[in-house]
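Data first, discussion second: the structure below is written as structure tokens.
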There are 2 protein chains.
Amino acid sequence: MEKLKDDLSNYNPKDYDSPSVTVDIAILSIIENDLKVLLIKRKYPPFRGYRAIPGGFVDIYRNETLKETALRELMEETNLKDIYVEQLKTYGDPNRDPRKRVITVAYFALVPYNLLKKLNIKAGDDAEDAQWFSLKKLPCLAFDHKKILKDLCIRLEGKVNYTDIAFKLLPKKFTWSQLQKVYEIILGRSLLRANFRRKIKSMYVLKELKEFKKQKGAGRPPLLLKYIKINTL
Amino acid sequence: MEKLKDDLSNYNPKDYDSPSVTVDIAILSIIENDLKVLLIKRKYPPFRGYRAIPGGFVDIYRNETLKETALRELMEETNLKDIYVEQLKTYGDPNRDPRKRVITVAYFALVPYNLLKKLNIKAGDDAEDAQWFSLKKLPCLAFDHKKILKDLCIRLEGKVNYTDIAFKLLPKKFTWSQLQKVYEIILGRSLLRANFRRKIKSMYVLKELKEFKKQKGAGRPPLLLKYIKINTL
DNA sequence: TCAATAGTGTCTATTAGACACTATTCC
DNA sequence: GGAATAGTGTCTAATAGACACTATTGA
């Protein structure tokens with residue numbers, strides 16, 4: 001009780017003219033050999049009819065971390081869980097939302113593309129529908145969401161080189177070609193097969209399964225691989 | 001006092017749906033061949049008497065970006081401007097502040113160590129004094145500030161290898177040894193002179209001034225250098 | 001002179017880039 | 001066999017690591 005009294009004596013009403021806070025999440029996956037992001041269409045102003053990254057206000061009565069909020073939004077939008085989610089950056093320019101001061105903590109999710117088939121995408125209450133858009137051919141976006149996605153591209157291009165994020169976009173079992181394709185899409189350039197394999201082998205542990213992936217058409221059937229996560233603390 | 005009482009009796013945290021938002025800033029510089037951070041001592045609960053990163057609530061009536069808020073806090077604390085400031089990460093776990101839900105956008109500043117001499121450090125209204133602490137020997141800190149500084153160390157260790165942040169900690173004119181020392185301190189290991197120079201020369205443009213730095217004691221006087229920033233968009 | 005710091009040359013080891021060769025499948 | 005994809009070997013170029021040598025100063 002002593003503690004509470006201390007707290008309150010320090011209370012200043014001005015502290016409570018707080019900005020609103022949202023957590024927005026850019027949900028990414030690979031579709032048709034292209035890195036795409038799931039965007040909703042806004043049902044209400046501001047930016048009614050514009051595309052935007054899904055998100056929602058932080059509800060302080062839910063007892064969740066910001067990351068859990070992002071995961072919940074991902075769940076609400078896509079029904080997916082156990083997906084890789086990472087904080088990108090926080091955006092808080094004073095007039096980024098014309099209504100009032102809104103600070104947005106942006107996250108991104110990397111969805112393995114094999115999960116997209118069974119995906120039934122739901123737009124939230126404040127959105128009409130959700131669709132996938134190429135990160136390279138974006139429509140006009142609400143707020144500063146274009147800037148957010150630009151920052152995201154830069155983050156991915158950097159991190160694909162020294163972290164295992166590429167694997168987050170793949171099914172549990174994958175082939176060398178599939179893995180290489182992910183790198184090529186994120187980096188925006190083609191890589192030489194032999195050199196790519198040598199490099200990846202030097203960085204990660206890949207278990208060669210005793211299975212081959214069935215292909216349509218000609219070509220030698222490729223070996224299936226599994227990524228073995230090593231704890232590097 | 002009567003008024004305060006009123007305020008308190010009317011105060012119901014549930015009336016306020018938005019979390020509070022603070023911008024905190026870890027101010028770093030190199031002192032005695034060590035990377036140090038400026039920490040204030042908290043004057044009020046919670047964590048009264050504990051050390052913390054300086055910061056303050058986001059005031060929505062100031063028309064400033066989050067980065068400008070960080071720069072203002074840096075200014076208030078140290079009187080310094082034109083200092084490199086970068087967003088680190090946002091921390092919003094539900095119980096990181098025992099009073100209420102507080103979301104903190106953490107920034108860091110890199111202060112050239114030649115500016116420290118003329119520095120008269122002011123603690124804010126809610127702080128007793130401010131002192132420099134080695135990032136490797138931190139006292140107990142308020143909130144999750146230890147975690148913030150841990151994340152900051154990781155960020156610096158990574159970014160020193162592919163960005164020019166090391167130069168932000170140096171005076172405009174510096175020597176090879178001074179630059180190498182900054183890298184060694186951030187990376188936590190010693191480097192070989194010749195290899196270090198070759199690497200840096202391949203990455204950045206350094207202009208050799210026609211001046212030498214006066215040293216105390218023996219040794220060949222070193223050339224002074226200037227870092228030439230190249231726009232790489 | 002020596003100790004101390006600065007500046008450079010160069011040999012070797014490692015890693016990255018290029019490219020060709022073999023392997024397996026479908027038609 | 002030929003087209004298509006997969007898997008491997010190896011030469012070369014570029015980069016990183018190690019270390020020794022020279023240069024310039026103060027005591």
Side-chain angles (χ1 to χ4, degrees), chain A residues 30 32-33 113 157-158 160-164 166-167 170-171 173-227, chain B residues 30 32-33 113 157-158 160-164 166-167 170-171 173-227:
Chain A
I30 288 179
E32 292 158 352
N33 281 332
Y113 56 69
E157 233 175 287
V160 79
N161 287 311
Y162 64 96
T163 71
D164 59 2
F167 299 97
L170 289 172
K173 296 177 182 183
F174 55 89
T175 68
W176 277 109
S177 296
Q178 290 175 313
L179 180 61
Q180 184 174 338
K181 200 73 205 169
V182 173
Y183 275 80
E184 290 178 334
I185 289 167
I186 293 177
L187 293 172
R189 65 196 169 88
S190 62
L191 304 169
L192 290 177
R193 210 171 355 136
N195 301 342
F196 174 75
R197 291 184 184 210
R198 187 178 47 196
K199 177 69 181 161
I200 297 295
K201 275 185 191 166
S202 78
M203 296 180 73
Y204 307 109
V205 179
L206 297 184
K207 184 175 182 187
E208 299 195 343
L209 303 176
K210 300 291 171 256
E211 306 173 56
F212 297 89
K213 185 173 159 59
K214 280 180 196 156
Q215 301 280 73
K216 52 186 177 189
R220 174 172 171 176
L223 254 179
L224 282 166
L225 305 169
K226 226 174 93 180
Y227 167 58
Chain B
I30 287 180
E32 293 159 350
N33 282 331
Y113 55 70
E157 232 174 288
V160 78
N161 286 312
Y162 64 96
T163 72
D164 59 2
F167 299 97
L170 289 172
K173 297 177 183 182
F174 54 88
T175 68
W176 276 109
S177 295
Q178 290 176 313
L179 179 61
Q180 185 174 335
K181 198 77 204 167
V182 172
Y183 275 81
E184 290 179 334
I185 289 167
I186 293 177
L187 293 173
R189 63 195 170 89
S190 61
L191 304 170
L192 291 177
R193 211 169 355 137
N195 301 342
F196 174 74
R197 292 183 184 210
R198 186 178 50 196
K199 178 68 179 160
I200 296 295
K201 276 186 190 165
S202 79
M203 295 180 74
Y204 307 109
V205 179
L206 297 183
K207 185 176 179 188
E208 300 196 341
L209 303 176
K210 298 293 170 255
E211 305 172 59
F212 297 89
K213 186 172 159 60
K214 280 181 197 153
Q215 301 281 72
K216 54 187 176 188
R220 175 172 171 175
L223 253 180
L224 282 167
L225 306 168
K226 226 171 94 180
Y227 168 58

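Please read these numbers as outputs of a predicted model, since none were measured by experiment. Lettering of chains follows the sequences in order, A, B, ..., and the numbering in each one begins at 1.
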Could you state the [atom1]-[atom2] distance from [X] to [N], rounded to the nearest angstrom?
X: A:L223; N: C:dA23; atom1: CG; atom2: C1'; answer: 12 Å
X: B:R197; N: C:dT10; atom1: CZ; atom2: P; answer: 17 Å
X: A:L191; N: C:dC19; atom1: CG; atom2: P; answer: 15 Å
X: A:K213; N: D:dG7; atom1: NZ; atom2: P; answer: 12 Å
X: B:L192; N: D:dA18; atom1: CG; atom2: P; answer: 6 Å
X: A:F196; N: D:dG9; atom1: CZ; atom2: P; answer: 18 Å
X: A:K201; N: C:dA16; atom1: NZ; atom2: P; answer: 15 Å
X: B:K181; N: C:dT5; atom1: NZ; atom2: P; answer: 11 Å

Between [Y] and [X], is there a side-chain heavy-atom distance shorter than 4.5 Å?
X: B:T175; Y: B:L225; answer: no
X: A:E157; Y: A:L187; answer: yes
X: B:V160; Y: B:V182; answer: no

Item to check | 5' precedence on DNA chain C between B:E208 and A:N195 (nearest-nucleotide basis) | outcome: B:E208

Checklist entry - Which pairs with one or both residues in residues 187-203 of chain B pass side chain to side chain donor-acceptor pair (under 3.5 Å), sequence neighbours excluded? => result B:N195-B:R198

Next on the checklist: Checking contacts here: which listed nucleotide (D:dC19, D:dG9, D:dG7) is nearest the side-chain heavy atoms of B:A194?
Outcome noted: D:dC19

Item to check | Any A:K199 side-chain nitrogen or oxygen under 4.0 Å from OP1 or OP2 of C:dT15 | outcome: no

Item to check | Interatomic distance, B:R220 atom CZ to B:L223 atom CG [nearest 0.5 angstrom] | outcome: 8.0 Å

Checklist entry - Roughly how far apart are B:I200 CD1 and B:W176 CH2, rounded to 0.5 Å? => result 6.5 Å

Checklist entry - So, B:F174 versus B:Y227, ring centres under 6.0 angstrom or not? => result no

Item to check | Sugar-phosphate or base contact per nucleotide [nucleotides 21-27 of chain D; S, B, -; heavy atom under 4.0 Å] | outcome: --BBBS-

Next on the checklist: For a quick check, tell me whether the side chain of B:R198 and the base of C:dG9 share a donor-acceptor pair closer than 3.5 Å.
Outcome noted: no

Checklist entry - Just checking A:S177: base, sugar-phosphate only, or nothing, at a heavy-atom cut-off of under 4.0 Å? => result sugar-phosphate

